[in-house]
Amino acid sequence: MLHEDRLFSTDPAVRGIARKLYDEVKDLPIISPHGHVEAQMFAENKPFPDPAQLLIVPDHYIFRLLYSQGISLESLGVRPVDGSWFETDSRKIWQIFCEKFYLFAGTPTGVWLMHEFSELFGIQEKLSDADAQEIYNRIQEKLNLPDFLPRAMFDRFNLEVLSTTDGASDDLKYHRKIRESGWKGNVVPCFRPDDVTNLQNPNWKQNIVRLGELTGITIQSFRDFVSALEKRRKEFIEMGAVATDHGVELPWTHELSPNEADRIFQDALKGKVTDESAKLFTAHMLMEMARMSVEDGMVMQIHPGCYRDHNREVFRRFGQNKGADIPLQTEFTKSLSELLNKFGNRRDFTVVVFTLDETTYSRELATLAGHYPAMKIGPTWWFFDSINGMTRHREAILETASIYNTVGFIDDTRAFPSIPARHDVSRRIDCNYLAGLFARHIIDMESAEIMAREMAYGLSKRTYCLKK
Amino acid sequence: MLHEDRLFSTDPAVRGIARKLYDEVKDLPIISPHGHVEAQMFAENKPFPDPAQLLIVPDHYIFRLLYSQGISLESLGVRPVDGSWFETDSRKIWQIFCEKFYLFAGTPTGVWLMHEFSELFGIQEKLSDADAQEIYNRIQEKLNLPDFLPRAMFDRFNLEVLSTTDGASDDLKYHRKIRESGWKGNVVPCFRPDDVTNLQNPNWKQNIVRLGELTGITIQSFRDFVSALEKRRKEFIEMGAVATDHGVELPWTHELSPNEADRIFQDALKGKVTDESAKLFTAHMLMEMARMSVEDGMVMQIHPGCYRDHNREVFRRFGQNKGADIPLQTEFTKSLSELLNKFGNRRDFTVVVFTLDETTYSRELATLAGHYPAMKIGPTWWFFDSINGMTRHREAILETASIYNTVGFIDDTRAFPSIPARHDVSRRIDCNYLAGLFARHIIDMESAEIMAREMAYGLSKRTYCLKK
Amino acid sequence: MLHEDRLFSTDPAVRGIARKLYDEVKDLPIISPHGHVEAQMFAENKPFPDPAQLLIVPDHYIFRLLYSQGISLESLGVRPVDGSWFETDSRKIWQIFCEKFYLFAGTPTGVWLMHEFSELFGIQEKLSDADAQEIYNRIQEKLNLPDFLPRAMFDRFNLEVLSTTDGASDDLKYHRKIRESGWKGNVVPCFRPDDVTNLQNPNWKQNIVRLGELTGITIQSFRDFVSALEKRRKEFIEMGAVATDHGVELPWTHELSPNEADRIFQDALKGKVTDESAKLFTAHMLMEMARMSVEDGMVMQIHPGCYRDHNREVFRRFGQNKGADIPLQTEFTKSLSELLNKFGNRRDFTVVVFTLDETTYSRELATLAGHYPAMKIGPTWWFFDSINGMTRHREAILETASIYNTVGFIDDTRAFPSIPARHDVSRRIDCNYLAGLFARHIIDMESAEIMAREMAYGLSKRTYCLKK
């Protein structure tokens, strides 16, 4: 089922080199400093319940495509928030999935799943309607084994570090539990304060209260708010955090005066928030977060340009992260101007910028990162974490920014068992890209080998891990 | 002149598979549910007058490129609206075309024409200055044969269905004549009410009058207008229509209150139209049209993002569709939000979205269609109906939306004899794309074969034809 | 070090044809009608001082990437405007460069440099830390030879024409000196009046004074200003100029009434300039410049969409052109509407449009140039003057506009010794592109050969040189 030359060019002159480069990097440890796997999984280390609950129900890549073809989310086991019916029979969910598996042909999800089935569960045949329950049984059998507990899988995956993503008002209790357990797996949090920096978050007020409780600071002013954030950042760092993350709709950065910031904050405490005040506050908070990163050394990550919960009915019935987040055109040159002018010339600060707007790769991101010492370009994100997506990313960025102003590959997944598959795809695409450069006499073999290692491991290790 | 492996990858590992897949789909019937061929042609079934009038004078792909190189439209037989001179000697037009045929090397027009010359007229040599008149004679001879009458060509092309495009104020008399003739060719209309939904159409008022006459409804209010449109849609459906089409500059959708809509409509009847009122009205009419599609089952098509008649002198002298329509940046995520929120979760509604802004393929269209059950992505349109254009379309869309949220290939042409050439190009490109996936071990042969058939025939057949 | 098949496809079926086509065009003369090499270099014909001053210090492609990796501009020999320290020891600069040469692997700068080292200086080995000083010595030795004087290199490069770029207030004394010297090298100026058409240029007022002095016209009104520009254009034409150039942020064109234009101009003379008045003035000046080009025959070039001096600290410390110019999203369809409507249908006018926004290639530029007789598309500019950049440019543009609405390849460089390398890359990419079309049976060999010659030489020669 899995061919050893998969994803490589079919041209023998390229394929042979790609294979050679890949052989040297395929077993390098995995650095995963930004993702959405839950710490609870490793704190509790309980067996995964069954194939559907492991592979389908939590994966919006899978259920969004099934939903687009007319299959209800309820029938796929997605729980409505109002407590109404949803499928709880995992075998039925699995059956639908197997019947519709043909939809994933040629998609990255299809590629990852085939890797997982084959490498993780030893299933070499193609999923089908007829064999659905038998394959279910075989996976279930494995999931019952100690080797398939979360921590065992973590070790088998050769994960050097795995970061979760946590709000400013998250108590990190599971991270603490992992630390206290004596287990050596390096699971760290990432500080993502959108829950308190986005004034339009419906739970903003209670998140502020929670932030106050966690820090012991009564938050009555913008100044208090900043102090609380600084304190929480310290706690995150103590739990191993190396980075922050900011999921803003616009990457616009703009510094307010202390009075302006405080006025907007006070208004928000009173429930007075406008689109304009929320936008200004977010722009200002990006500046504040950059300042704090300069001070405490955490790498700053920005994930902008996503219209969240585009489908309001799906949001109302099922909540967030249900496959209805849609990219928007995004502008960086003017938007990041204030942040880069204030902090971009520093060598003690790193801001990693991601995008869902591929037009910005060559036009804006590569040219900004190819100049400012502080800026690096994130890997392909979300829909673009795919074979064509990665290829376009490399082709558009590397000529201007060089690989050295990127952070190599890091995944960004909620689907824990897909992590090795995702890194494997990326390592193959990178080796194939470098093999193409070598075969067209653009780089030599020594460079290709160094670059392959950097893209698979070195760049992300240096960007994220050695800063602490 | 036509190589059997044309357009396929030069890599033997891919080419062999592409050829095999292509052999299985090349003779499938052609589904053409959206185009601009005139029904009159089949109603009257008169011989095409001569090579220039068949191939050059009506084809803005051809005369726009000649015009860009300094050749006047008059000399190419394009008739000025003011009755001033234009070339009527088709041999002279043909001579210019042959002298300048080198301009089309590497363009899709060049590829289509070579296919037409070879397959339709048996001309295997390259067009040249010296042979121009002799080739003219050979084509003319064929055009005089019964086999080259429109209906005979329709049958030879293996057209399962051909849709024309007709305004809301079009009387469909030629469609009626075809039905009454007893000829079995399936020529159907498509309901394109831009003539009455665009308040800035210079003939808007008289189109409304005409719409009233055709429906027997005195149109004095927005309510009357809606009733008239509903009635006309019924008539279109009776003549076989399966789809509507909407050529809007912006794809913005927005529902007005009945009072607002009526106020704008009443103002327009009095000749009071502003850019803002026209924009609001179009946005509202897209919502109305979606509602009607839910009710009567016609597939809704949206072709946005074109700046019509950019060259005002050419428009003034020659009228519309003279090669001066230029694409605009287009936004879908926010623009389609209202329409998709109201109707996008339905399984009894289909909206097919086209674009001239390729940046929206992966960023907006694939992500929206990869979630909303009602939305499908149209094929490459206009300038992008080409080898590179189609390749980019597949590469950008299919990883996120899968082929199953597209409608396969449908052409959109005024040039009747180019229809088989266009579908042949698309089938070659798709088979080549799938062959690449197979050769890189991303999909298996069974999937490739199913997908090739779907892209050539199954997807468009299901989307358009089986809804009635 | 330089492989004879470099940059060609690795597919033997394509590579063999590419090589054959390339062999026929590689030795054609170089047309360079737009660049930033200084006339002074050829007027004085002094030896280049040393390897660092020739290759590194003046090349923002090189020092921007080194800067992005944390190396200070001072240490690379870039002179601060305030007179503070900078490295003047060229051997130290060279050493840093050689240590960091690995950063350029896979970038166009890397490709150009390897070409220069090998072809110009006979250095076949890879640059390294260890050999840095020895290679410095070998280049220095060459630079001391008469064969490496600027004029000798000009001749060796087979430059048919080289254009500098000069402001409206530039006195052209070095051009005069070249003419008077009797040397036959064809070095001509290009008229770039941004210094007086951009009201927000900090030296605008003194540039106007200087323009008055040079023309003997006391500039007190917009009318005077226009007369002075017309007079200067004549002088440029007398010195061989064939083109103008306009580096505007927005390509928006809009004609003001004479009163409006004069009001804005008078206000500017009094120091009153707003963002809005500057924008209107630039839009109007593009219209004026087009009118003058119709009258005097100079080709008009527009280079829009660049945010200049994004890094204000670098600008303050080092001045302009220090690698911190960043592209912006750009719109052409509406922006060029007035200019093309007024002048675009003429055959006695040529406007060449460049872009840093690749999304406009297929959407806007190819469709506009594929219709308007006056408009042509410029080659890849700046960051896109690279292997992938050129490939994307050809793939996006040529199907719609054909090669005949482009101007072939022209470089745009400050780095004199890189000119042959840049044209060599372009000739290779073009031949490879055409070989791909031939190998996929899209064009025949006769067409491929003609097109290769046109793209390397014929198109730029006709567009720029034969107009005078």
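Throughout, protein chains are lettered first and strands after them, A, B, ... in sequence-line order, and every chain is numbered starting at 1. The model shown is predicted, which means the values in this text are computed figures rather than measured ones.
Heavy-atom distances place both the backbone and the side chain of B/Leu368 under 4.5 Å from chain A. Only the backbone of B/Thr330 comes within contact range of chain A, with heavy atoms under 4.5 Å apart. Looking at A/Leu356, the atoms closer than 4.5 Å to chain B (heavy atoms on both sides) all sit in the backbone: N, CA, C or O. In this structure, the portion of A/Glu358 lying under 4.5 Å from any heavy atom of chain B is its side chain and not its backbone. Proximity to chain B involves both the backbone and the side chain of A/Ser72, based on heavy atoms less than 4.5 angstrom apart. Proximity to chain A is limited to the side chain of B/Met451, based on heavy atoms less than 4.5 angstrom apart. Contacts between B/Ala369 and chain A at a heavy-atom distance below 4.5 Å involve the backbone alone (N, CA, C, O). Of the atoms belonging to B/Tyr433, it is side-chain heavy atoms, and not backbone ones, that fall under 4.5 Å from chain A. Residue B/Ala374 does not touch chain A at all, counting heavy-atom pairs closer than 4.5 Å. Within the 4.5 angstrom heavy-atom criterion, atoms from both the backbone and the side chain of B/Ala439 approach chain A. Only the side chain of A/Lys126 comes within less than 4.5 Å of a heavy atom in chain B; its backbone stays farther off. For A/Thr10, the parts sitting under 4.5 Å from any heavy atom of chain B are the backbone and the side chain alike.
Checked by atom type and distance alone, the side chain of A/Asn311 never pairs as donor or acceptor with a backbone atom of B/Tyr372 at under 3.5 Å. In terms of modelled atom types and a separation under 3.5 Å, the side chain of B/Arg363 and the main chain of A/Pro327 share no donor-acceptor contact. In this structure, the side chain of B/His441 does not engage the main chain of A/Asp5 through any donor-acceptor pair within 3.5 Å.
Using the six-membered ring where Trp is involved, A/Tyr102 and B/Tyr404 have ring planes that are perpendicular, over 60° apart on the 30 and 60° scheme.
For B/Arg453, the CZ atom sits in a loose shell: 12 or fewer heavy atoms of surrounding residues, nucleotides or ligands are nearer than 6.0 Å. Annotation for B/Arg6: atom CZ counts as buried by contact number, over 12 foreign heavy atoms lying within 6.0 Å.
Between B/His371 and A/Gly323, the shortest heavy-atom contact is ND1-O, 3.3 Å. Minimum heavy-atom separation, A/Leu65 to B/Asn405: CD1-ND2, 3.5 Å. When all heavy atoms of A/Gly106 and B/Ile442 are compared, the pair lying nearest together is CA-CG2, 4.1 Å. When all heavy atoms of A/Ile387 and B/Arg440 are compared, the closest pair comes out as CG2-NH1, 3.9 Å. Listed here is the closest heavy atom pair of B/Ser337 and A/Tyr307: OG-OH, 3.7 Å. In plain terms, the two heavy atoms of A/Thr107 and B/Ser402 that are nearest each other are CG2-CB, 4.3 Å.
Side-chain contact between B/Ser362 and A/Phe384: present, with at least one pair of heavy atoms (C-beta onward) separated by less than 4.5 Å. Using a 4.5 Å heavy-atom cutoff, the side chains of B/Asn345 and A/Val314 are in contact. A/Gln329 has its side chain out of reach of B/Thr333: every pair of non-hydrogen atoms, C-beta onward, lies at least 4.5 Å apart.
Note: A/Asp11 CG to B/Asp11 CG = 6.0 Å, rounded to the nearest 0.5 Å. In this structure, B/Glu338 CD and A/Arg312 CZ are separated by 7.0 Å, a value rounded to the nearest 0.5 Å. We find the CD1-CE distance between B/Ile443 and A/Met114 to be 9.5 Å, quoted to the nearest 0.5 Å.
With respect to chain B, the highest number of heavy-atom pairs below 4.5 Å among A/Ile71, A/Ile326, A/Asp325 belongs to A/Ile326. Of all the listed residues (A/His60, A/Arg15, A/His310), the one sharing the greatest number of non-hydrogen pairs under 4.5 Å with chain B is A/His310. Among B/Ser447, B/Gly436, B/Ala13, B/Ala448, the residue with the largest count of heavy-atom pairs under 4.5 Å with chain A is B/Ser447.
With respect to the salt-bridge test (charged N to carboxylate O, under 4.0 angstrom), the residues A/Arg392 and B/Glu399 do not qualify.
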